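Just so we're clear, the structure is a prediction, and the values are computed from it rather than from any experiment. Keep in mind that the numbers below use all heavy atoms, side chains included, and drop hydrogens, waters and symmetry copies.
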Amino acid sequence: MSIRRKWREYVAALSATLITAAAGTTVGWTSPVLPQLLAEDSPIQTSKDQSSWIASFMILCSAVSPIPASYLADRIGTKKTLLLAAIPYIIGWILVMFAYNIPMIYAARLIQGLGYGIAYTAAPMYLGEIASNDVRGAMATLITVMSKFGILSQYCIGPYVSMLGLASFNIAIPILFVVTFSAMPESPYYYIKSGDKNRAEISLKHLRGRDYLNEELDSMTHLVNENMKEKGRWSDLFTVGGNRKGLIILFGIYFTQQFCGSTAIISYAQQIFGAADGGLGAKESCILFGTVQLLTSAISCQLVDRLGRKPLLIVSSCGVGLANIVIGAYFFMKFENEELVVAIKFIPIVVIPIFIFSYTIGLATVPFAITSEIFPTNIKSKATCIIQIFVALMTFAVTKLYQVIADNLGNYVAFWCFGLLSVGGVIFILILLPETKGQSFAAIQEKLYSNETVVYEKREDHSGSVRIL
């Protein structure tokens with residue numbers, strides 16, 4: 001169906017993902033601000049080691065909040081949980097606005113990390129549960145589209161304003177999120193789990209408009225009731241074969257997402273472009289870089305439900321692997337003899353946008369679609385929690401280790417490592433990832449849990465339900 005027919009769902013999704021735009025500002029903020037802090041005339045004198053901690057602390061702390069976010073999503077709903085994510089962002093930017101030393105910036109980043117963990121735990125759940133089957137992938141990729149918007153805003157504004165001015169802009173985004181998202185409906189799945197079918201019906205009618213069908217609500221109710229007959233335990237993530245398979249698939253995809261070097265390039269973009277000396281200024285290169293990210297994520301949003309998850313991830317992983325190897329070769333030649341790269345200074349300006357296009361078309365967007373659809377209702381919040389903790393730890397490792405490797409071994413070593421790991425990701429995706437394009441939750445679960453005893457009911461409207469025994 002067209003976007004025009006689905007406008008109610010898209011409005012709710014865009015409002016919800018304003019919180020991931022806020023998350024994007026915290027990720028992209030380091031690119032323009034770290035060079036300011038490292039400058040000799042900086043009002044807050046900062047060492048290179050301290051700068052790497054500023055970049056890393058936010059991601060490290062984001063590993064703390066997914067567990068309470070998972071609990072809250074089950075108890076108070078994904079909508080209210082997402083609204084709570086705005087509080088750490090607002091507090092963090094207030095601290096940045098008044099910061100006069102490094103500990104205050106550390107504190108701001110740590111607090112913002114709590115919001116980051118909550119947002120990325122609850123947002124895939126909310127979007128997966130409000131979306132129709134035929135647009136669920138596109139809805140989930142909005143998480144990345146809005147995040148890239150937040151990152152691009154930092155590249156465009158950050159180099160030209162003070163740290164106070166940038167923080168003043170950034171604090172407006174979570175405030176706007178609270179104002180708009182408060183008017184959006186809660187997930188109908190939450191109301192069904194809570195035993196309130198009337199409110200679930202109101203929520204679904206709000207989301208579907210004239211496309212509302214009683215059969216869809218009945219199908220949702222049957223699916224949730226069957227899933228919830230077996231209360232999901234943390235241990236089920238590892239003892240139930242389908243859950244375990246889902247975790248392994250997502251661990252592999254998110255490991256590739258992080259260890260292709262994306263987070264390092266985003267966090268240190270201005271410094272990387274400056275070191276590349278590619279003929280275009282570092283600030284301007286970052287704006288080009290962010291624009292490519294945003295446009296490509298918007299393209300991916302349209303392709304994920306047409307071409308499928310698996311093809312996009314394979315193309316994406318191949319592209320970033322090749323780009324990393326080429327960028328690493330350029331930096332190696334520059335390290336050995338700068339005269340060797342005089343005639344090919346254009347390479348970073350050409351290859352890094354190719355990296356960003358390749359990364360954003362699949363690895364940056366598609367994993368959120370898979371996360372939103374691969375687990376049963378009774379275990380989904382716990383699975384999303386574990387995934388977000390894993391992603392946070394991997395992101396922290398990449399962000400922190402990149403600076404250490406670049407300083408001690410050379411940044412070409414880091415890029416070559418990223419390239420090899422990306423190639424490994426291609427092999428993993430080819431072997432283990434099933435295609436889920438356009439399938440209902442019930443059909444996906446039937447495929448994933450094929451080795452378990454499955455009760456599956458097929459209906460005349462092509463919906464269905466599944467229970468894992």
Side-chain angles (χ1 to χ4, degrees), residues 66-67 69-75 77-78 81-82 117-118 120-131 133 136-137 139-141 143 187-190 192-193 219-255 257 304 309-310 313 366-391 432-456 463-469:
I67 292 178
S70 168
Y71 176 85
L72 290 170
D74 282 338
R75 296 301 184 275
T78 48
T81 303
L82 276 174
I118 295 171
Y120 276 92
T121 300
M125 296 168 59
Y126 180 80
L127 296 181
E129 291 178 356
I130 68 167
N133 292 338
R136 189 172 59 244
M139 292 280 197
T141 58
I143 292 173
S187 158
Y189 280 88
Y190 169 71
I192 294 170
K193 284 193 294 183
S219 177
M220 284 183 177
T221 303
H222 192 78
L223 175 61
V224 171
N225 289 340
E226 290 297 319
N227 286 163
M228 297 306 291
K229 285 179 181 178
E230 299 290 334
K231 185 177 180 180
R233 301 181 298 269
W234 288 98
S235 60
D236 290 342
L237 287 169
F238 307 98
T239 58
V240 176
N243 294 338
R244 187 169 60 248
K245 183 178 179 181
L247 278 181
I248 291 171
I249 289 170
L250 286 171
F251 281 164
I253 293 172
Y254 279 111
F255 180 88
Q257 181 196 67
V304 67
R309 283 62 160 155
K310 193 167 185 174
L313 284 173
V366 176
F368 296 109
I370 298 172
T371 302
S372 72
E373 63 192 7
I374 206 168
F375 293 104
T377 305
N378 65 331
I379 204 72
K380 182 178 292 186
S381 63
K382 295 179 176 62
T384 307
C385 165
I386 294 296
I387 292 298
Q388 181 53 37
I389 292 173
F390 175 81
V391 172
L432 289 180
L433 179 65
E435 182 55 72
T436 57
K437 178 186 71 172
Q439 298 179 19
S440 67
F441 283 143
I444 293 168
Q445 290 171 24
E446 183 187 36
K447 179 186 295 185
L448 195 66
Y449 295 80
S450 57
N451 292 329
E452 271 75 47
T453 302
V454 176
V455 177
Y456 182 72
S463 65
S465 61
V466 63
R467 181 184 174 197
I468 314 303
L469 299 178

Shortest non-hydrogen separation from [X] to [Y] and the atoms involved:
X	Y	value
Pro66	Thr121	CB-OG1, 3.4 Å
Ser187	Ile130	CA-CG2, 4.2 Å
Ala73	Met125	CB-CE, 3.8 Å
Leu433	Lys310	O-NZ, 3.0 Å
Leu82	Ala123	CD2-N, 3.7 Å
Ile249	Pro434	CD1-CD, 3.6 Å

Atom pair [atom1] ([X]) and [atom2] ([Y]), whose distance is rounded to the nearest 0.5 Å:
X	Y	atom1	atom2	answer
Leu432	Ile248	CG	CD1	7.5 Å
Asn243	Ile379	CG	CD1	5.5 Å
Ile118	Thr81	CD1	OG1	8.0 Å
Ile374	Thr384	CD1	OG1	10.5 Å
Thr78	Glu129	OG1	CD	5.5 Å

**Study point:** Trace of the side chain to side chain contact (heavy atoms under 4.5 Å, CB included) decision for Ile370 with Leu313
**Key:** CA-CA 11 Å; Ile370 298 172; Leu313 284 173; 3.9 Å; yes
**Study point:** Verdict with supporting geometry, Tyr120 and Val391, side chain to side chain contact (heavy atoms under 4.5 Å, CB included)
**Key:** CA-CA 10 Å; Tyr120 276 92; Val391 172; over 6 Å; no
Point to revise | side chain to side chain contact (heavy atoms under 4.5 Å, CB included) between Tyr126 and Tyr190, worked out | key: CA-CA 9 Å; Tyr126 180 80; Tyr190 169 71; over 6 Å; no
Point to revise | Side chain to side chain, Leu247 and Phe238, heavy atoms closer than 4.5 Å | key: yes
Exercise for review: May I have the step-by-step check of side chain to side chain contact (heavy atoms under 4.5 Å, CB included) for Gln388 and Thr371, ending in yes or no?
Suggested key: CA-CA 10 Å; Gln388 181 53 37; Thr371 302; over 6 Å; no
